[in-house]
Number of protein chains: 2
Amino acid sequence: MKMRQLTIRLLQVYAEVIRSGSVSATARRLHLTQPTVSQQLRRLREIVGEPIVESEAGRILPTEVGQALYQLSQDLLSRADAFGQYLDAYREGERGHFSIALVNTAQYVLPRLLGPFSQAYPDVDVTVEIGNRQQLLHRFERHEDDLYVFSHPPDDDAVLAAPFLSNPLVVVAPRRSPWVDAGQLTMETLKSERFLLREPGSATRHLFDGWLQSRGIQLDSTLQIASNEAIRVAVGSGMGLAVLSRHVLTEAQTDTVILPVEGFPLRSHWQFIVRRERHLPPAAQRFLTFAQSVLAREFEEAEGEAAIAELLARIS
Amino acid sequence: MKMRQLTIRLLQVYAEVIRSGSVSATARRLHLTQPTVSQQLRRLREIVGEPIVESEAGRILPTEVGQALYQLSQDLLSRADAFGQYLDAYREGERGHFSIALVNTAQYVLPRLLGPFSQAYPDVDVTVEIGNRQQLLHRFERHEDDLYVFSHPPDDDAVLAAPFLSNPLVVVAPRRSPWVDAGQLTMETLKSERFLLREPGSATRHLFDGWLQSRGIQLDSTLQIASNEAIRVAVGSGMGLAVLSRHVLTEAQTDTVILPVEGFPLRSHWQFIVRRERHLPPAAQRFLTFAQSVLAREFEEAEGEAAIAELLARIS
DNA sequence: ACCCAATATAGATAATTATCTATGTAGGCG
DNA sequence: CGCCTACATAGATAATTATCTATATTGGGT
């Protein structure tokens, strides 16, 4: 059997001939001429090397080999078809996979996008990577992920960025701190307090350091802690002050207070970052589209929605 | 997806690329040049409409879609392969189907060929039709079966016949008949006895009638019974004499005796009959080949073996 | 015996495919 | 930095395929 020349097309035609029991009917249905179908049948017979049909009482019937061939055709066609459907779903982003890498801070908001997304698209498989800015930059260098969330884009002109959600950094104090209810403050006033800070690789730290530097302020006493959550708890228990994303604090937490410090909150944004040249998996695009609608509806972040729209436009 | 242009060949090449992770290695293995494989890959990508491979660290790896495509390829290839194996078995006659139509008398010997055959080729499905000569001729006219067993071939020059086993017709009498032990007899002597005969459509009857006519003998008293078995039993119980195939009588039957009548046994043969133009299913050919060896080994019928050999030679 | 519909065959042609050689390009390794 | 090796692209060509129109054949029904 000259299997290599077997085509899906040939099997489609054959299956139709067997189903209809007629060459002419097949030709009509497939918008071909009758001789074309006859010849396809002949070619198929040559490929198989045995008679596959015989005509009996005006109908075309498969021979024994023909019946096996028909089964084969049904089998192959249905599988090819299933693949076609998979492809469609993949293209629509309704199925498939993408990976997204988040800076630590974003852990507090991204679930509010990813959760509903997974609900809505259960066949999309999302890999979430979490790390500090440094780690993420490393991954970014190596093209390891489809999508990144930074609060400050990498310094690479091949990136497209969409600031989708504001990420205000606030000064946090224990509830019993003397600064609570002391009215408007300045950082100058607070600089001798102990500050609990993230490690230098972190975006929060980076932004705060830059701000301090621009003001020419030097903190007297700092303590480095690698986790936002740990910092929040430490502040709550009176270990010092901290600068944290407001999203790290939830309303239920009554052991910490946000201090009104001049210049604060520091403005920053979470941004979706993609490489300009990267072919985004449809599922990732679908996620971005989904994020747009959630942001508009639940976060009232029209700017974020617009930023994503622009990013999507630049990709395609 | 332009499914219609998908070929088995393309999938073979693709599968090999994925397995080896290398275009060049695939080219070597399939005795192609490297550019050929590259182009096949491209064509496949065009058919699918999405990137299917990406190169990473020197290896060619499938994309997500590529993985699904690889699964598809394995699926389709293994099924096509299974069909190929089926075809091979079919061609060897080790699998498949054929039909054989027997005259009644042959019922007594054919099981001795068909039984061992089915044992040896359990995947061959045999349809056995049984009828009298008339009924079989009717089936023969309509090309209903692949193989026929007659004791006298139909009068049609499109047939090939292989007399494979002698079928002597003998005169049978009840054990207590006065003719037993009366020495050599003639039909003339016996003609006033009652003869139990098959119906006129039967070959046995036909042959006997012809013989009587050639001798100018007319029987005085006959009784028509449609079954050989019934005739044998009737003779055993003293209802009269009969002319039967010797194969109808088994050694264990002691209530009947073969009379030595001049001119008997009438010589006749069971013959395999096929239409010259009919394309015999491989399974039927396999059966004939099998019958050859059984006849030689168990029936000591060298002539039958030769006759089948000749018939097989004329077919192919 | 004749006619009709269904098939098969022939012949033609444009498109596609399979395959090559030659050449360009790019990622790794010393 | 330059040299391999692997891969991609280009260009060429012979073979194959898909498809048509026109015509022959055939197998039933009336």
Side-chain angles (χ1 to χ4, degrees), chain A residues 1-49 51-63 66 141-143 158 277 279, chain B residues 1-49 51-63 66 141-144 158 277-279:
Chain A
M1 178 183 184
K2 301 163 188 170
M3 200 113 68
R4 51 187 54 184
Q5 7 192 359
L6 195 58
T7 65
I8 295 295
R9 176 58 166 173
L10 230 34
L11 292 178
Q12 282 174 337
V13 173
Y14 177 68
E16 186 56 36
V17 169
I18 298 306
R19 269 197 288 276
S20 67
S22 151
V23 170
S24 303
T26 300
R28 282 191 294 275
R29 183 132 2 144
L30 302 183
H31 307 294
L32 295 170
T33 60
Q34 169 265 313
T36 299
V37 176
S38 277
Q39 204 214 0
Q40 304 273 53
L41 268 187
R42 173 162 55 174
R43 239 172 41 77
L44 196 52
R45 180 180 67 224
E46 281 162 4
I47 289 170
V48 171
I52 53 178
V53 293
E54 56 197 345
S55 60
E56 184 173 317
R59 256 182 88 79
I60 302 274
L61 293 174
T63 59
E141 292 303 316
R142 311 182 58 171
H143 298 57
E277 80 279 14
H279 173 257
Chain B
M1 177 181 183
K2 301 164 189 170
M3 199 111 72
R4 52 187 56 187
Q5 4 192 4
L6 195 58
T7 64
I8 295 294
R9 174 59 165 173
L10 229 36
L11 291 177
Q12 282 175 336
V13 173
Y14 178 68
E16 186 56 36
V17 169
I18 298 306
R19 268 197 290 275
S20 67
S22 152
V23 171
S24 304
T26 300
R28 283 191 294 275
R29 183 131 3 145
L30 302 183
H31 307 295
L32 297 170
T33 61
Q34 169 265 312
T36 299
V37 176
S38 277
Q39 204 215 1
Q40 304 274 50
L41 267 187
R42 174 161 56 172
R43 237 169 44 76
L44 195 51
R45 180 178 68 225
E46 281 162 4
I47 289 170
V48 171
I52 52 178
V53 294
E54 56 197 344
S55 60
E56 184 173 317
R59 255 183 89 77
I60 301 275
L61 293 175
T63 60
E141 291 302 315
R142 311 181 60 171
H143 298 58
E144 293 193 38
E277 80 278 15
R278 183 167 189 108
H279 173 257

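Protein chains get the first letters and strands the later ones, always in sequence-line order, with residue 1 at the start of each.
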If you round to the nearest 0.5 Å, how far is [atom2] of [Y] from [atom1] of [X]?
X	Y	atom1	atom2	answer
B:Leu61	B:Ser55	CG	OG	8.5 Å
B:Thr63	B:Arg45	OG1	CZ	10.5 Å
B:Gln39	B:Leu41	CD	CG	10.0 Å
A:Glu54	B:His143	CD	NE2	11.5 Å
A:Ser22	A:Arg29	OG	CZ	9.0 Å
B:Ile47	B:Met3	CD1	CE	11.0 Å

Using atom names, set out every protein N or O paired with an N or O of nucleotides 20-25 of chain D below 3.5 Å, distance rounded to 0.1 Å.
| from | atom 1 | to | atom 2 | distance (Å) |
| --- | --- | --- | --- | --- |
| D:dC20 | OP2 | A:Thr33 | N | 2.9 |
| D:dC20 | OP2 | A:Thr33 | OG1 | 2.9 |
| D:dC20 | OP2 | A:Thr36 | OG1 | 2.6 |

Interatomic distance where [atom1] belongs to [X] and [atom2] belongs to [N] [whole Å]:
X	N	atom1	atom2	value
A:Arg42	D:dT19	CZ	P	16 Å
B:Arg9	D:dA15	CZ	P	17 Å
A:Gln12	D:dT19	CD	P	11 Å
A:Leu41	D:dA18	CG	P	13 Å
A:Lys2	D:dT17	NZ	P	9 Å
A:Arg59	D:dG28	CZ	P	15 Å
B:Leu10	D:dT17	CG	P	14 Å
A:Glu46	C:dA8	CD	P	13 Å

Quiz item: Where along residues 15-25 of chain A does a heavy atom fall under 4.0 Å from DNA chain D?
Solution: none
Quiz prompt | Nearest-neighbour nucleotide for the B:Ser38 side chain, C:dT9, C:dT19, D:dT9 considered | solution = D:dT9
Practice problem: Could you pull out all residues at least two apart from B:Ser20 that satisfy side chain to side chain donor-acceptor pair (under 3.5 Å)? | Solution: B:Thr26
Self-check item: Between B:Gln40 and B:Thr36, a side-chain donor and acceptor under 3.5 Å
Solution: no
Quiz prompt | Short side-chain N/O contact from A:Arg43 to OP1 or OP2 of D:dA18, under 4.0 Å | solution = yes
Quiz item: Between D:dA18 and A:Gln40, is there an OP1 or OP2 to side-chain N/O distance shorter than 4.0 Å?
Solution: yes
When the side chains of residues 5-14 of chain A are checked against the rest of the protein, which donor-acceptor pairs come out under 3.5 Å, sequence neighbours left out?
| from | atom 1 | to | atom 2 | distance (Å) |
| --- | --- | --- | --- | --- |
| A:Thr7 | OG1 | A:Leu10 | N | 3.1 |
| A:Tyr14 | OH | A:Gly66 | O | 2.8 |

Quiz item: Can we say A:Arg43 and A:Glu46 salt-bridge, meaning some charged N sits less than 4.0 Å from an Asp/Glu carboxylate O?
Solution: no
Quiz item: Looking at A:Ser38 and A:Val23, what are the two nearest heavy atoms and their distance?
Solution: OG-CG1, 3.8 Å
Quiz item: Could you give the angle between the helix axes at the two ends of the helix from C:dA1-D:dT30 to C:dG30-D:dC1, with five pairs per end, rounded to 10 degrees?
Solution: 30°
Quiz item: Tell me, do B:Val37 and B:Leu30 make a side-chain contact under 4.5 Å, heavy atoms counted?
Solution: no
Quiz item: A:Arg45 or B:Gln5: which one's nearest nucleotide on DNA chain C is closer to the 5' end?
Solution: A:Arg45
Quiz item: Between A:Thr7 and A:Ser55, which has a closest nucleotide on DNA chain D that is more 5'?
Solution: A:Thr7
Practice problem: Report, as a single string ordered 5' to 3', how protein heavy atoms within less than 4.0 Å touch nucleotides 25-30 of chain C: B base, S sugar-phosphate only, - not at all. | Solution: ---S--
